[in-house]
Number of protein chains: 4
Amino acid sequence: MHPDSKDERNSKTEERRNQILDAATVCLARKGYYETKMDDIVAESGLSKGTLYLYFKSKKEIFVALSECFTETLNARIEANLEGKTTLIERMRAMADGYVQTTSSTATDASGNAVNISRLTAEFWQQAVVDPEIRARFIEAYRFYTKMGEDLIKAAVASGEFREVDIPTLMLVVMAAFDGLTWRWLLTPEEVDWPHAIDLLFEVLLNGVRAIPNSG
Amino acid sequence: MHPDSKDERNSKTEERRNQILDAATVCLARKGYYETKMDDIVAESGLSKGTLYLYFKSKKEIFVALSECFTETLNARIEANLEGKTTLIERMRAMADGYVQTTSSTATDASGNAVNISRLTAEFWQQAVVDPEIRARFIEAYRFYTKMGEDLIKAAVASGEFREVDIPTLMLVVMAAFDGLTWRWLLTPEEVDWPHAIDLLFEVLLNGVRAIPNSG
Amino acid sequence: MHPDSKDERNSKTEERRNQILDAATVCLARKGYYETKMDDIVAESGLSKGTLYLYFKSKKEIFVALSECFTETLNARIEANLEGKTTLIERMRAMADGYVQTTSSTATDASGNAVNISRLTAEFWQQAVVDPEIRARFIEAYRFYTKMGEDLIKAAVASGEFREVDIPTLMLVVMAAFDGLTWRWLLTPEEVDWPHAIDLLFEVLLNGVRAIPNSG
Amino acid sequence: MHPDSKDERNSKTEERRNQILDAATVCLARKGYYETKMDDIVAESGLSKGTLYLYFKSKKEIFVALSECFTETLNARIEANLEGKTTLIERMRAMADGYVQTTSSTATDASGNAVNISRLTAEFWQQAVVDPEIRARFIEAYRFYTKMGEDLIKAAVASGEFREVDIPTLMLVVMAAFDGLTWRWLLTPEEVDWPHAIDLLFEVLLNGVRAIPNSG
DNA sequence: TATGAATGAGAATTCATTCAT
DNA sequence: TATGAATGAATTCTCATTCAT
């Protein structure tokens with residue numbers, strides 16, 4: 001009946017969903033899943049309670065949507081960072097940087113204040129332990145990055161740059177180091193100097209710490 | 001009235017506290033902090049609700065006490081493992097093993113079933129992000145193990161076994177790898193082979209993965 | 001602008017109202033008044049929510065209109081059945097049959113499936129207990145049929161076919177038997193064989209069950 | 001630990017349950033199931049909301065308990081009325097009277113006012129149509145009384161007092177008449193004179209209304 | 001007329017904590 | 001000390017109705 005009615009409706013719907021997800025992001029970053037009440041999201045979003053339930057059928061569904069959103073952002077950022085990077089180290093750093101950028105970005109709340117959203121990662125993780133649905137998403141994302149990293153290492157081994165090594169376990173440990181740094185950073189941000197830590201991680205990864213290399 | 005001596009009262013008190021903490025351990029391992037209700041702990045402990053509040057003034061206090069308990073157990077286990085270990089690698093493995101043993105042990109519930117308590121770590125961590133009091137304890141424990149590890153590395157550097165390296169950052173990254181493996185293990189236990197991962201971690205840590213060591 | 005004549009507008013209005021009432025009939029038959037949500041009627045009618053409120057000012061008003069509708073259908077059916085019936089028993093059966101036919105008919109839902117509407121009777125009744133407005137309509141309908149039945153009995157008494165009897169109370173009891181059968185039928189449809197029950201009702205009504213009639 | 005502790009607790013529990021059921025009775029009689037809010041029962045009972053949920057796990061469960069209660073009262077009353085009654089008519093009247101007494105009794109609300117509880121029957125019935133669990137109870141109660149009535153009629157037929165008749169259908173119709181009168185009485189209490197209606201029902205049941213009995 | 005997104009006043013239920021016994 | 005019944009504020013979710021377009 002109206003021009004572009006369908007498109008317009010879609011974009012409006014998308015906008016409202018984002019409005020809610022933005023508000024939820026801020027709330028979750030501030031108080032975590034359990035301490036965030038629907039009323040908090042209502043207040044932060046500027047919408048009414050009924051409207052929230054019009055777009056998401058439960059609190060949990062907002063959370064799940066948020067975790068999808070987060071993963072998408074992470075993927076996009078990593079993809080962007082990989083653009084033009086060719087060497088192994090460059091590419092691994094691109095991934096690491098994408099992770100850190102996403103994890104350490106900020107959102108803007110209703111009053112225009114910047115809110116550090118690093119805590120979101122912790123919330124997703126925690127819920128992944130609890131909730132099978134979120135866990136499944138998490139695992140999927142993990143597999144994706146694991147594959148990406150393993151391919152890089154495989155290429156390095158094939159090219160003779162790296163020696164023979166148990167690639168899956170190596171990748172597991174490297175990713176664990178990143179995850180662990182993320183958690184540590186949530187607890188004591190002042191003690192985690194990301195760029196420095198990543199530099200050292202790669203440097204030690206390549207060369208080890210032994211004084212006399214295993215040449216003799 | 002001599003049976004009511006102070007010692008007896010203390011030991012009785014201690015016993016009751018442990019009874020409650022054991023019950024809470026089982027509940028938390030099963031359902032996590034938020035999904036564990038005081039009634040669950042009451043049922044698991046076999047005590048009455050009033051009695052719980054006689055020994056702990058809130059749900060949170062039980063949790064805090066539990067995290068202390070956990071840290072103590074961890075410390076004791078690591079200490080025991082270090083007994084007689086002298087070389088750097090032996091001592092680092094002793095620490096790592098103590099961590100894994102504690103994190104992956106089981107508790108026995110009221111019906112005599114073994115309950116895997118690995119989830120407790122996640123709960124403590126999560127609450128550490130949320131709650132300053134728990135965070136403080138966490139940080140303290142971290143400092144302790146950081147110090148222990150750094151001293152080991154320092155000695156290795158001093159003895160010429162290790163080359164010069166940024167010790168705090170190295171220790172940060174190593175601990176992060178452990179923490180990350182713990183989280184990963186909570187999500188996909190079948191993908192984390194602890195002994196294998198620790199072996200590779202130490203091996204790569206020492207030697208790096210570069211094919212031609214930086215000797216020429 | 002002549003197509004917008006008053007008649008056409010009226011018929012359009014009538015059509016829309018019927019569309020809504022048909023949808024409401026199906027919903028009420030399926031879920032009852034309280035469990036039927038306006039959204040259900042919206043979905044079933046294929047109209048929008050705003051439009052419903054354009055034709056009926058509330059959920060209750062739809063219900064009231066439906067009960068009117070139902071009564072009209074019942075009346076029409078009974079009137080049709082009475083056509084050409086002259087004897088007392090024939091006419092009483094005509095009424096009974098009209099009642100059973102209406103109560104046990106089906107409606108067709110949006111997907112073309114037949115929906116048994118017997119539950120509507122229960123809903124009207126229930127709401128008649130609750131709501132004075134619906135009760136008033138109910139009582140009016142009752143009076144109409146009571147009058148009709150009483151006139152038949154009166155004629156039978158006058159003609160000597162029936163003995164002297166308390167006509168209002170007799171009619172009350174006979175109608176009660178029908179109403180009771182309707183409720184019973186809603187609960188245990190398999191136990192209510194309407195034609196058989198009506199036959200027996202009339203037979204016993206006429207002759208009683210006493211073995212030796214009060215002739216001696 | 002205390003004398004009679006178990007008994008005391010049981011009687012206390014029973015008392016509280018009754019307190020809640022009494023309050024619910026009054027509320028249901030006044031407003032019906034759907035319009036009765038938990039807050040209404042809270043206010044009427046003088047207890048707190050939490051306490052209600054301590055004794056009943058949901059609103060529906062209160063309702064189910066109430067319907068059990070009601071059936072028990074009905075049974076008890078009928079049993080008491082049957083005491084010493086031997087003839088068929090006496091026994092059927094005893095049943096009918098028990099039904100009417102129970103259905104038309106009053107409860108006393110928190111302010112000491114008498115509340116007519118006749119509406120409860122309608123509520124149970126309505127919910128029996130909706131809810132399988134309540135329906136099952138209803139059907140069971142029906143079977144019980146049907147059996148009792150059928151046995152009476154069977155005996156009357158055996159003794160030659162009644163002629164051969166389709167006993168189940170007769171009983172169905174007689175019970176339907178009672179149920180129908182109950183509903184009618186809810187709608188227009190002033191038009192239902194129970195004793196009179198029952199007298200006529202039995203009189204017509206025995207003798208029929210035909211002027212010249214089917215003797216010649 | 002027709003639409004359907006938005007609303008917000010309720011509703012049922014939960015659960016940590018208290019307190020009389 | 002020990003108990004466990006009682007509490008009520010807080011929480012999630014619902015849904016009849018409105019109203020700008």
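Note on naming: letters A, B, ... go to the chains in the order of the sequence lines (proteins, then strands), and numbering restarts at 1 for each one. Side chains are part of it too, since the values below use all heavy atoms of this structure and drop only hydrogens, waters and symmetry mates.
- Considering every non-hydrogen atom in both D:V26 and D:V115, the closest pair reads CG1-CG2, 4.0 Å.
- OP1 or OP2 of E:dT1 sits under 4.0 Å from a side-chain N or O of C:T13.
- Listed by first and then second residue, the ring pair (Phe, Tyr, Trp, His ring centres under 6.0 Å) pairs involving residues 39-58 of chain D amount to none (not counting sequence neighbours).
- In this structure, A:T36 and D:R16 both approach DNA chain F, and ranking their closest nucleotides by distance from the 5' end singles out D:R16.
- Nearest approach of B:A24 to B:I62, heavy atoms of both residues: CB-CG2, 3.6 Å.
- Here the closest heavy-atom approach between residue B:T71 and residue B:S67 is recorded as OG1-O, 2.8 Å.
- Here D:R16 pairs with D:Q19 under the side chain to side chain donor-acceptor pair (under 3.5 Å) rule; sequence neighbours left out.
- The nearest whole Å value for the distance from the CE atom in D:M38 to the P atom in F:dA10 is 20 Å.
- Atom CD of A:E35 is separated from atom P of E:dC15 by 14 Å (rounded to the nearest Å).
- For C:R119, the salt bridge (charged side-chain N to carboxylate O under 4.0 Å, His left out) test picks out C:E123, with sequence neighbours left out.
- Contact check of residues 44-56 of chain C against DNA chain E (heavy atom, cut-off under 4.0 Å) returns C:S48, C:K49, C:G50, C:T51, C:L54, C:Y55.
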Problem set entry | Per-nucleotide pairing state of DNA chain F [Watson-Crick or G-U, under 3.5 Å; [ ] pseudoknot-crossing; | other strand] | .||||||||||||||||||||
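- Near-neighbour residues of DNA chain E inside residues 122-129 of chain A, defined by a heavy atom below 4.0 Å, are absent.
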Problem set entry | Worked verdict on D:R30 versus D:D109 for salt bridge (Lys or Arg N to Asp or Glu O under 4.0 Å) | CA-CA 10 Å; D:R30 275 207 269 250; D:D109 75 4; 3.2 Å; yes
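- For the pair D:S58 and B:D39, nearest-nucleotide mapping onto DNA chain E gives the more 5' position to D:S58.
- Looking at D:Q126 and C:V129, their side chains never come closer than 4.5 Å, going by heavy atoms from C-beta outward.
- Nearest heavy atom pair, residue D:P132 against residue D:V130, reads CD-O, 3.7 Å.
- For the pair B:K59 and D:K57, both in contact range of DNA chain E, the more 5′-proximal nearest nucleotide belongs to D:K57.
- With rounding to whole Å, C:E61 atom CD is found 12 Å from F:dT18 atom P.
- Cation-pi contact between D:K59 and D:Y33: present, with separation from the ring centre below 6.0 Å and deviation from the ring axis of at most 45°.
- When the C1' atom of E:dA11 is taken as reference, atom NZ of D:K60 falls 18 Å away, rounded to whole Å.
- Checked by atom type and distance alone, the side chain of B:K37 pairs as donor or acceptor with a backbone atom of B:Y34 at under 3.5 Å.
- Per the geometry, OH belonging to A:Y34 stands 16 Å off P belonging to E:dT14, to the nearest Å.
- Taking atom CD1 on D:I62 and atom P on E:dA11, their separation rounds to 15 Å, with Å as the unit.
- The distance from atom NZ of C:K12 to atom P of E:dA2 is 5 Å, rounded to the nearest whole Å.
- Side-chain N or O atoms of B:E61 include one that pairs as donor or acceptor with a backbone N or O of B:K57 at under 3.5 Å.
- We find that OH of A:Y33 is positioned 10 Å from C1' of F:dT12, with the value rounded to whole Å.
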